[in-house]
Each structure stands twice: as C-alpha cells, then as structure tokens.
Enquirer: 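The following block contains the structure, expressed as structure tokens.
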Protein chains: 2
Amino acid sequence: MSKTTIAPKRTKPLLLTAIGRVERETGLAKDTLRVWERRYGFPKPLRDGNGERVYPPEQVEKLRVIRRLMDGGMRPGNLVNATLAQLSERFGALRVERGGRSGEPSPLLEYLPLIRAREAGVLQRQLAHDLMRLGLQRFVVDVVAPLNVGVGEAWTRGELEVYEEHLYSEQVQHVLRQALASAPRMTRAPRLLLTTLPGEQHQIGLLMAQACLAVEGAECLSLGPQTPARDIVLAAKAHRVDVVGLSFSSAIRLREARAAVVDLRKRLDRSIGIWAGGGLWSGMKEPVAGVTMIASLDVIPAVLTQWREQHSKAVYA
Amino acid sequence: MSKTTIAPKRTKPLLLTAIGRVERETGLAKDTLRVWERRYGFPKPLRDGNGERVYPPEQVEKLRVIRRLMDGGMRPGNLVNATLAQLSERFGALRVERGGRSGEPSPLLEYLPLIRAREAGVLQRQLAHDLMRLGLQRFVVDVVAPLNVGVGEAWTRGELEVYEEHLYSEQVQHVLRQALASAPRMTRAPRLLLTTLPGEQHQIGLLMAQACLAVEGAECLSLGPQTPARDIVLAAKAHRVDVVGLSFSSAIRLREARAAVVDLRKRLDRSIGIWAGGGLWSGMKEPVAGVTMIASLDVIPAVLTQWREQHSKAVYA
DNA sequence: GGAAATATTTGTCCTAGACAAAAACTTTAG
DNA sequence: CTAAAGTTTTTGTCTAGGACAAATATTTCC
C-alpha cells in the first residue's frame with residue numbers, strides 16, 4: 001500500500017449498518033437480505049468504498065417491522081413494497097387464534113396495562129401476589145402460561161415494544177425462580193434433564209415446566225437454554241436421567257424443531273425418554289416416534305403418572 | 001416433474017448434518033466452513049443428491065474441538081490438518097494468563113471438583129453457604145467472579161464439558177437471583193438500565209453487576225440479555241434512566257463489541273451515561289469516548305460515588 | 001532490546017444461478 | 001358445499017470461486 005493513507009481509510013458513515021449487523025439486529029439471514037434485494041428491490045442498501053452493502057436506519061427499521069409481521073404469519077412478498085404506514089395498518093389483521101380456545105377470563109387484561117405502564121415493581125408484586133393466592137401449580141398454568149401467549153401475541157400485533165417484553169420476561173423469571181428455590185426438593189423418579197435446543201432462547205417455558213414437574217415431585221436438573229444435541233446426550237448419560245425434557249416456544253420454525261428432535265431421538269439411548277413441550281407443538285399433526293409431545297402444561301401430571309406406572313411395571317414385572 | 005417420484009426423494013442418511021445445522025452447532029459461519037474446505041481441505045463433507053454438503057459426525061466433532069481451541073487463542077491454519085488426538089494434546093498449551101493476576105487463593109480449587117462431580121445439589125448449597133458467610137457484595141466479587149473466569153478457562157482447556165458449564169451457570173444464576181430478590185429495593189440515583197447487546201448471551205455478568213449495584217443502593221432495571229441497540233434507546237427514554245449498563249463476557253470479539261458500543265453511544269442521548277463492564281474490557285487499550293469502562297466489579301462502588309458527586313454538582317451548581 | 005515495515009493468515013463479503021419445501025390456488029370427486 | 005388431489009407461486013437456503021481488509025506473525029532496522 002502507498003503511504004497516502006493519511007485520510008481515515010474506512011470511516012463508515014454515521015449509523016449505516018453493514019449486512020452482518022443487520023442480520024443480527026433483524027434476525028434475517030444475509031442470504032435472505034440479498035435475495036430480497038434481487039427479487040423485490042427491497043431493501044436497497046447503499047454501497048461503501050468496497051462495494052459492500054450499507055443499510056440506512058430507515059431500511060433496517062422497516063425490515064424489523066416486516067420481520068414482526070412475518071412472525072405473525074404474513075409472507076414477505078406482499079410486505080416489502082408497502083410503506084411503513086401501510087405496514088402499521090396490517091398489524092390489526094394478524095391472526096389471533098394461535099392459542100386456540102379463548103373467551104376465558106384472561107390474566108392478560110389485568111397484566112397488560114402493568115407491562116405497558118412499565119411498572120416493573122408493581123408488576124412483580126402482582127405476580128408474587130397471584131403466586132401466593134394460587135399456589136405454584138395453578139399460578140403457572142392459569143396465569144403465567146396464558147400470559148406468555150398473550151404477551152407474545154400482543155408483541156406480534158405491535159402493541160408491545162421489544163423492551164417491554166424483555167422486562168416482562170425478566171420479572172416472571174425472577175418470580176418463578178424464587179418460587180422454585182423455596183419449593184421442597186423431591187427426589188422421586190423420574191429424574192429429568194431440562195434444557196432447550198440451540199436456537200431456542202426462551203427460558204420461561206423451561207422454568208414453567210420445571211415448576212410443574214417440581215410440584216409433582218419429579219427430580220429436575222436444568223441446564224438452562226441452548227444445549228447442543230451432542231451435549232444433551234453426554235449429560236443425560238452422565239447424570240443417569242430417565243427423561244430429557246425439551247421446551248419449545250412458538251418463536252421457532254416447526255420443521256426445524258421436528259428435525260432436531262428426531263435427530264436427538266436417534267442419538268439418545270432408547271431407554272431414556274424424550275418429552276417435548278411448549279406452545280410450538282399445539283398445532284402439530286403427526287407425532288414423532290419415541291417422543292412424548294406435551295402440548296400443554298396441564299397434562300404434565302398425567303404424563304408423570306403414566307410414566308411412573310409404566311416404569312414400576314417394568315421394574316417389578 | 002414426472003410422476004416417477006415413488007422412491008423417497010430426499011431421505012437424509014442417518015446423522016449426517018447439513019451446513020446450516022453445523023453452523024448452529026459449532027458456531028462457525030457457513031462462509032467460514034466453505035472457505036476452510038477450499039483452503040485447507042477440511043472439513044470435507046459428503047454431498048447429498050442435490051450436491052449439498054452433508055457433514056458426518058466425526059467432522060462435526062473435530063470442528064467443535066477446533067472451535068474450542070480457537071476460543072483459547074489458537075488459529076485454524078495449524079489445527080485443521082491435525083488429527084483429533086493431536087488436537088487433544090494442544091489443550092494443555094493454551095494461554096492461561098487471561099485474567100491476569102493469579103496466585104490468589106482461587107475459589108476454583110474448591111468448586112471445580114463439585115462441578116466435575118456433577119453434584120448440582122451440593123454445588124448449590126456450597127454457593128448459598130458462601131453467600132451467607134460473605135454477604136452479597138463479597139460473594140460476587142470474591143467467589144462468583146473469579147469462579148466464572150476459572151470455569152471459562154477450564155472449559156477452554158477442555159477440562160469441562162459444555163453441559164457441566166451449563167449446569168454451573170444455572171446454579172449460580174439461581175443463587176444470585178434469590179439473593180437479589182431478598183435484597184432491599186433501593187430507589188437512590190442513579191437509575192440504571194441493565195442488559196447485554198445481541199450476541200452476548202451470558203446472563204451471569206449481568207446478574208453480578210446487578211448485585212453489586214443493588215448493594216450500593218442504585219436502582220436497577222434489568223431487561224435480561226440481548227436487547228437490540230434500537231430497543232435499548234427506546235427503553236432508556238421510556239424509563240428515564242440515568243445510565244445504561246452493558247455486560248460483556250470475553251466470549252465475544254473485542255472489535256465487534258467496541259463497534260456496537262460506539263454505535264449505541266451515537267444513538268443514545270448524551271445526557272444518559274453508558275457503563276460497559278465485563279471481562280472483555282480488561283485487555284483494552286484505548287477507551288471509547290463517552291463510555292465508562294468497568295474492567296472489574298471491584299470498581300463499581302467508586303464509579304457510583306463518582307457519578308453521584310458529579311451529578312449532585314450538576315444539579316445544585 | 002523495541003519500533004516500524006512487510007508478509008501471511010483469516011473471516012466476511014460479493015455475484016448470480018439453482019432447487020425443494022411450504023403456501024396458495026385450482027381442479028376434481030363425492 | 002366439503003375434501004382430497006394436483007398445479008403454480010412464493011420463498012429460503014444452498015452452490016462456486018473471487019476479492020479484499022483486518023488481525024496476526026515475521027522480518028528489518030535503529
């Protein structure tokens with residue numbers, strides 16, 4: 001290189017975002033961003049001195065909105081060439097039926113204002129209060145679970161900001177962990193290893209499951225979120241667990257999740273059960289062989305009972 | 001298409017892994033995997049019917065080991081053409097000086113056996129005991145922080161499995177959250193918004209910071225990990241915080257972290273401070289303008305005091 | 001010894017084409 | 001009118017090989 005590089009060589013203009021960063025911020029893969037540009041003409045990033053894409057903030061913002069509408073079930077083809085204003089209007093049209101049954105007195109009505117008002121303290125106290133009132137089991141099933149669905153939907157419809165959802169998660173997690181810590185530690189069978197697969201970040205599903213299981217006396221060992229399949233196999237072996245429990249929020253693609261579970265089933269010793277739970281499976285048709293699907297927290301006690309019956313038979317027969 | 005597609009079209013052979021999954025499992029980008037194949041001849045995946053790469057498990061395993069050695073500072077060029085056995089030997093040669101000062105009576109000696117023995121219950125009791133004995137502040141600074149570093153190093157050297165580290169994290173998190181819940185909730189200035197940037201998953205750093213800050217009476221609001229810059233800005237505004245606190249483990253590249261912090265500084269109102277903490281910054285030379293770097297939890301009280309002094313001056317002067 | 005210049009290594013980005021899975025739409029049968 | 005079966009469109013992910021700058025290692029010079 002010559003010595004004429006006195007001028008700063010690559011001072012990226014203020015706030016323009018490279019493709020890698022856009023991928024991280026929007027969750028849209030680099031390949032996807034490029035193919036949209038080719039097909040739909042949006043996004044249309046500027047280019048820096050090296051011919052590399054740089055995205056102005058408005059485009060990143062619009063991508064974010066599109067992503068959100070897509071999470072609600074819309075397809076990009078119709079979205080990319082709409083204006084931001086037009087996109088905002090479409091939030092109302094999002095399908096709401098995700099959870100299924102409605103009409104019940106949802107805790108959402110009570111809690112959503114608290115989340116919206118950003119009253120972290122009040123929110124936490126209300127949660128703690130409901131926990132006291134209902135007991136851990138009912139609190140999880142009747143309050144936290146539907147609340148989660150509701151918050152997810154509200155977010156999808158654009159009624160909540162990301163940070164409001166983050167704050168909510170944090171409070172719920174705090175309350176649940178506290179409750180778990182004070183719950184008596186049982187050591188009845190089955191021994192369970194709880195975790196999520198890589199890509200699934202939501203911890204709350206895991207905590208809810210742990211709570212329901214702990215209440216029923218099962219011995220839980222949680223690895224936290226995102227354990228690679230290989231390490232789940234190793235851990236299950238090392239800790240001699242009877243069952244591996246996996247949690248899936250509905251924020252993940254059904255196909256991928258299915259494939260991952262099938263893969264794990266292949267790698268894991270047949271004597272170890274796999275229980276796959278979470279909102280994701282509620283819409284599923286065909287089950288995976290050798291895997292118990294738990295579409296709702298309600299059925300955990302039944303699944304446990306069944307396991308214990310089968311297992312005691314196997315042992316004493 | 002003809003109707004001769006009676007034979008199953010694309011039954012992926014058992015346990016072979018497509019490039020997307022390898023990316024998720026090893027953390028190596030698709031581009032990187034392809035460029036290594038071109039340059040070094042490893043990995044050398046098979047091809048499926050469509051000419052797409054499928055990786056056999058041994059290669060994925062080796063990639064995982066390589067990734068681990070690279071996290072310890074080695075470079076791929078020398079690693080990719082070594083056998084698995086040769087790679088194992090190199091774990092011993094990893095640089096150990098990361099933390100800097102050593103020779104202190106490390107809690108690692110006491111705890112590592114517990115983690116290794118997979119005694120979740122004992123581990124948690126020991127942590128709780130030390131918490132009682134030392135108080136939250138000292139517990140965090142003298143036990144959890146060095147323990148974290150030690151566990152990270154042990155993992156890097158191949159002395160711990162991923163699932164052992166996961167289990168450790170989960171226990172520590174539990175104990176810390178419990179302690180935080182029972183700590184009195186102060187409402188003294190400054191108001192802090194705590195979170196991590198996208199890509200930084202480690203929650204423990206965040207919790208440690210929260211603990212140290214809570215002890216000093218600062219009002220903390222944690223959003224949990226991985227809040228996009230845009231949402232940090234919105235949240236800081238909505239909650240009228242004085243300072244945004246960010247935690248960085250050393251598992252992230254310094255350059256990217258720096259860029260992200262600089263970017264946030266640009267977007268955030270100048271009246272709102274940014275405190276960037278975590279193991280990552282201990283090796284840093286030049287600070288970022290307008291950002292307070294907190295290389296160690298020790299200095300949090302001092303930083304708080306300083307902020308309070310400056311701020312009271314500003315208000316009453 | 002240490003600083004400066006040079007060389008190598010390495011990750012990320014580029015283009016533009018291909019194809020299969022999923023979704024939407026159309027047709028056919030009961 | 002519903003349901004199954006077939007067709008078309010939409011969409012994401014994969015491919016190849018080239019390019020380049022940042023990071024790291026090595027040599028040269030004082």
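Chain letters run A, B, ... following the sequence lines, proteins first, then strands; residues in each count from 1.
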Enquirer: Closer than 4.0 angstrom, basic N to acidic O: yes or no for Asp48(B) and Arg53(B)?
Expert: no
Enquirer: Only one of Glu58(A), Glu25(A), Glu61(A) clears salt bridge (Lys or Arg N to Asp or Glu O under 4.0 Å) with Arg230(B); which?
Expert: Glu61(A)
Enquirer: Establish, from distance only, whether the side-chain atoms of Gln201(A) and Gln201(B) form a donor-acceptor pair under 3.5 Å.
Expert: no
Enquirer: Without hydrogens or angle criteria, can the side chains of Glu200(B) and Ser249(B) be said to hold a donor-acceptor pair below 3.5 Å?
Expert: yes
Enquirer: Test your reading of the model: is there a side-chain donor-acceptor pair from Arg75(B) to the backbone of Met70(B), 3.5 Å cut-off?
Expert: no
Enquirer: I want to check one thing: is the phosphate of dT9(C), taken as OP1 and OP2, less than 4.0 Å away from some side-chain N or O of Tyr40(B)?
Expert: no
Enquirer: In whole Å, what is the span from the CG atom of Asp48(A) to the C1' atom of dC20(D)?
Expert: 11 Å
Enquirer: Hey, is the side chain of Thr32(A) poking within less than 4.0 Å of OP1 or OP2 on dT13(D), counting only N and O atoms?
Expert: yes
Enquirer: Can you find a pair of side-chain heavy atoms, one from Leu87(B) and one from Lys62(B), that are under 4.5 Å apart?
Expert: yes
Enquirer: CG of Asp71(B) versus P of dG11(C): gap in Å, rounded?
Expert: 12 Å
Enquirer: With a 4.5 Å heavy-atom cut-off, do Tyr163(B) and Thr195(A) have their side chains touching?
Expert: no
Enquirer: Any chance you could list the contact pattern along nucleotides 14-19 of chain D? Use B for base contacts, S for sugar-phosphate-only contacts and - for none, protein heavy atoms under 4.0 Å, 5' to 3'.
Expert: BBSBBB
Enquirer: Can you tell me how far P of dG12(D) sits from CD1 of Ile66(A), to the nearest Å?
Expert: 11 Å
Enquirer: So that I can tick it off, tell me whether Arg47(B) and Glu37(B) are bridged by a salt bridge, with the cut-off set at under 4.0 angstrom between side-chain N and carboxylate O.
Expert: yes
Enquirer: What residues in residues 75-83 of chain A put a non-hydrogen atom under 4.0 Å from any atom of DNA chain D?
Expert: Arg75(A), Pro76(A), Gly77(A)
